[in-house]
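When reading the values below, keep in mind they use all heavy atoms of this one structure, side chains included, and skip hydrogens, waters and symmetry mates. For this chain, numbers begin at 1 and follow the sequence in order.
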Amino acid sequence: MDRSQRTVCPRYNIYSLFLIISTAGIPSAVSKQVAHYLAADQYGSAKKLFHRSMILMIGLGVVSAGALWLLTPVLAMQNGHVDPHMIPVLHALVWPLLLIPPMSILRGYFQAIRKWRRVRFRNC
């Protein structure tokens, strides 16, 4: 294992935990609910749900990214000392936390549209 892997691999688990917390299964719930609204011809409700969930996920992404940024010195501790090589690694992992939650809502929304279209075409 080279130096870069020793630096990134242990901290990826921290990033993964923050990512799981920031998405929390919401995209799949949004997908199911949007598909339900679209199947019932409630396009306004589907759009409202999408916009509100997008705002929620942007907020969760900002909170998760901010928490990771602020907790970086604590999370970079090894054997009671802050490892200076870990701080840039953790700071680099903050930016995906801002982008991935809203992107996951978009994915859930597009999955819902695809499910809705399949059901819609099957019933024709």
Looking only at heavy atoms, what is the nearest atom pair of [X] and [Y], with distance?
X: L90; Y: L75; value: CD1-CB, 3.9 Å
X: P96; Y: P101; value: O-CD, 4.2 Å
X: A46; Y: L38; value: CB-CD2, 3.9 Å
X: S53; Y: I105; value: OG-CG2, 3.7 Å
X: A112; Y: A35; value: CB-N, 3.6 Å

Are [Y] and [X] connected into the same hydrophobic cluster when the rule is that any two of I, L, V, M, F, W, Y join if their side-chain heavy atoms are below 4.5 Å apart?
X: L71; Y: V63; answer: no
X: Y37; Y: I55; answer: no
X: M103; Y: L97; answer: no
X: L56; Y: F110; answer: yes

How long is the span from the [atom1] atom in [X] to the [atom2] atom in [Y], to the nearest 0.5 Å?
X: S31; Y: H36; atom1: OG; atom2: NE2; value: 13.0 Å
X: L60; Y: L98; atom1: CG; atom2: CG; value: 12.0 Å
X: Q42; Y: Q33; atom1: CD; atom2: CD; value: 9.5 Å

- M54 side chain reached by I58 side chain, heavy atoms, under 4.5 Å: yes
- Task: Check the angle between the aromatic planes of H91 and W69 and answer parallel, tilted or perpendicular using the 30° and 60° thresholds.
- Result: parallel
- Decide side chain to side chain contact (heavy atoms under 4.5 Å, CB included) for M57 and I26; before the verdict, give the C-alpha distance in whole Å, the side-chain angles of both, and the deciding distance to 0.1 Å. CA-CA 8 Å; M57 294 307 278; I26 295 171; 3.8 Å; yes
- Under 3.5 Å: donor-acceptor pair, side chain of S64, backbone of G61: no
- side chain to side chain contact (heavy atoms under 4.5 Å, CB included) between Y109 and I113, worked out: CA-CA 6 Å; Y109 182 72; I113 290 172; 3.3 Å; yes
